[in-house]
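Just so you know, ligand 1 is whichever comes first in the structure, and atom 1 is the first atom listed for that ligand.
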Amino acid sequence: MPLPAIQKPGPLNIGLMGGTFDPIHMGHLVTAEEARQQFLLDYVIFIPAGLPPHKSKEQVTPAEHRYIMTTLAVMSNPFFVVSRVEVDKKEPSYTIDTIRYFTSRFATGTNLFFITGADAILEISTWKDYTELLKLCTFIAVTRPGYPLDRLDEITGKLLPELRARIHLLEIPALAISSTFIRQRVALGRTIKYLTPEPVEQYIKKHGLYKKEFVNCGNRL
Ligand code: ATP
Ligand code: MG
């Protein structure tokens, strides 16, 4: 993965954004861009999951398609890059494995920021080796429309203060888009223009992705 050549005094700030990206959409991109600006990140690395631990093979589009779509989506942003670290692994990756990998890859002192939906933070105590995770990187928990956060204080309140201090909330412009929503729309033959970048939309069309998604979404679309 070629990284942008950044010349600056002091340590780099690097954002890491993991996801299934099935497919990547404007919600992901707006989130990464907002995090980049607010947290003075030098760049953001998108990390498409290989086979996510919580999803089975049948439920997820092959990793190579998701990797290519993510690459197409970030092409126009010089501060965004895509990593194959999880895609190239046969077994599912836990976040801690990926963060350990990046910790070893970058110079000592590099600040790593893991960008994730705030809803995921509600489950933090179930993540593998989460205390080490919070020591290795700062979490940027993005508030996502439709996910109530009243339990967040309660959850993070149970963490040691020095770990709690590693979680920052970031409010982003409301974009109630999800990959599920896009997949369902494609299955219904409805437009996904402006929900995902145009090259991704074209790729989905060309490869006939998401056509057979089982849909039961009433009149939500
Ligand atoms: P799915 O509907 O298949 O679950 P998703 O839209 O949630 O897909 P993921 O690839 O699972 O996408 O998400 C990757 C990360 O991006 C997660 O941390 C998730 O919380 C966050 N995210 C997804 N959609 C949005 C959005 N619209 N705004 C902000 N963050 C988002
Ligand atoms: Mg999701």
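For the atom pair R185 CZ and I177 CD1, the distance stands at 10.0 Å (nearest 0.5 Å).
Ion pairing of R100 with E132 is present here, as a side-chain N (NZ or NE/NH1/NH2) and a carboxylate O approach within less than 4.0 Å. At a threshold of 4.0 Å, the pair R66-E86 does not count as salt-bridged, since none of the basic side-chain nitrogens sits closer than that to a carboxylate oxygen.
Listed by number with element, the atoms of ligand 1 under 4.0 angstrom from any heavy atom of T180 are 1 (P), 2 (O), 3 (O). Atoms of ligand 1 lying under 4.0 Å from at least one heavy atom of G18, given by number and element, are 14 (C), 15 (C). If you number the atoms of ligand 1 from 1 as listed, the ones under 4.0 Å from a heavy atom of S178 come out as 2 (O), 6 (O). Close approach to G27 involves these atoms of ligand 1, each under 4.0 Å from a residue heavy atom: 26 (C), 27 (N), 28 (N). Ligand 1 places these atoms under 4.0 Å from at least one heavy atom of G19: 10 (O), 14 (C). Each of the atoms 24 (N), 26 (C), 27 (N) of ligand 1 lies under 4.0 Å from some heavy atom of I177. For ligand 1, the atoms lying closer than 4.0 Å to a non-hydrogen atom of R183 are 3 (O).
Checked against M17 for a side-chain contact (heavy atoms from CB on, under 4.5 Å), the options L29, I47, I115 give a single hit: I115.
Taking all heavy atoms of M17, H28, E34 into account, the minimum distance to atom 13 (O) of ligand 1 is reached by H28.
Distances between N or O atoms of A176 and those of ligand 1 include no value under 3.5 Å. No N or O atom of T143 sits closer than 3.5 Å to an N or O atom of ligand 1.
The side chain of T31, and not its backbone, has at least one atom closer than 4.0 Å to an atom of ligand 1 (non-hydrogen atoms only; side chain from C-beta on). For I172, every heavy-atom contact with ligand 1 shorter than 4.0 Å involves the side chain, none the backbone.
The aromatic ring centres of H65 and Y203 sit less than 6.0 Å apart.
F46 and F21 have tilted rings, their planes meeting at an angle from 30° to 60° on a 0 to 90° scale.
Geometrically, R36 engages F79 in a cation-pi contact, judged by NZ or CZ lying under 6.0 Å from the ring centre and within 45° of the ring axis.
When all heavy atoms of A35 and I140 are compared, the pair lying nearest together is CB-CD1, 4.2 Å.
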